[in-house]
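Structure first, then comments.
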Amino acid sequence: MVTSNDPSAFRLGLGAEVIANAPNAPIIELDGFSSLTNLVQLATLLSEAQAGQPQSLFQSTIGGQDTVINLGNPDSIALTNLSIGELHASSFMVH
């Protein structure tokens, strides 16, 4: 589990991680995921998720209070108390 004050770098094979109680969008670094290759792709998927369009990366949980970033089986990041609408593409780095 990562607290909201930690820098958050995630690599292929991370499993299911949680960023708990982030008061605003944390900086999340994603490294080596074939499901996400660049920031433009992430921004497009995030925009689609925020518009309620189906896409594979961002899912709302617990009535929209939490967000799960599905990076491909079995890798995912759960953001507790942070809705999809509170996320910004500028909060991510993709390598």
Side-chain angles (χ1 to χ4, degrees):
M1 181 180 299
V2 177
T3 64
S4 60
N5 293 328
D6 293 335
S8 304
F10 299 99
R11 290 175 179 69
L12 187 63
L14 69 103
E17 286 288 332
V18 175
I19 297 177
N21 299 314
N24 50 33
I27 300 295
I28 298 172
E29 182 178 350
L30 304 172
D31 188 20
F33 295 99
S34 61
S35 60
L36 188 64
T37 57
N38 59 59
L39 193 55
V40 172
Q41 179 189 17
L42 181 139
T44 299
L45 293 169
L46 180 57
S47 178
E48 290 171 354
Q50 290 171 334
Q53 298 174 358
Q55 43 69 55
S56 61
L57 190 63
F58 298 97
Q59 284 83 42
S60 290
T61 61
I62 311 193
Q65 292 176 329
D66 296 348
T67 300
V68 174
I69 303 170
N70 181 6
L71 296 162
N73 204 13
D75 299 327
S76 65
I77 304 168
L79 307 170
T80 64
N81 296 318
L82 193 63
S83 71
I84 288 175
E86 296 174 284
L87 294 175
H88 306 281
S90 62
S91 297
F92 293 88
M93 293 184 289
V94 178
H95 304 281

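Note that this is a predicted model, so its numbers are computed, not measured. Sequential numbering from 1 along the given sequence is applied to the chain's residues.
- Put simply, CD1 on I19 and CG on L79 are 5.0 Å apart, with the number rounded to the nearest 0.5 Å.
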Audit row: L57, N70, side-chain contact (heavy atoms from CB on, under 4.5 Å) steps and yes/no: CA-CA 5 Å; L57 190 63; N70 181 6; 5.5 Å; no

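- One N or O on the side chain of D75 and one on the backbone of L14 form a donor-acceptor pair closer than 3.5 Å.
- Nearest heavy atoms, S76 versus V68: CB-CG1, 4.2 Å.
- Between T67 atom OG1 and Q59 atom CD the span is 9.5 Å, to the nearest 0.5 Å.
- Contact between S83 and G64 at its shortest, heavy atoms only, is CB-O, 3.1 Å.
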Donor-acceptor list for residues 27-36 side chains, cut-off 3.5 Å, not counting sequence neighbours:
residue	atom	partner	partner atom	Å
E29	OE2	H95	NE2	3.1
S35	OG	L71	O	2.8

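- Sorted pairs that involve residues 50-61 and meet salt bridge (Lys or Arg N to Asp or Glu O under 4.0 Å), not counting sequence neighbours, are lacking altogether.
- The line from CD1 of I69 to CD1 of I84 is 9.0 Å long, rounded to the nearest 0.5 Å.
- For the pairing with Q41, the side-chain hydrogen bond (donor to acceptor under 3.5 Å, both in side chains) check across N38, T37, T44 returns one residue only, T37.
- Considering OG of S47 and CG of L87, their distance stands at 12.5 Å, rounded to 0.5 Å.
- A distance of 9.0 Å separates CZ of F92 from CG of L39, quoted to the nearest 0.5 Å.
- A pairwise comparison of heavy atoms in Q55 and A49 identifies NE2-CB, 3.4 Å as the closest pair.
- Under a hydrophobic clustering in which Ile, Leu, Val, Met, Phe, Trp and Tyr are joined whenever their side-chain heavy atoms come within less than 4.5 Å, directly or via other members, I62 and V18 fall into different clusters.
- Rounded to the nearest 0.5 angstrom, M93 CE and L42 CG are separated by 12.0 Å.
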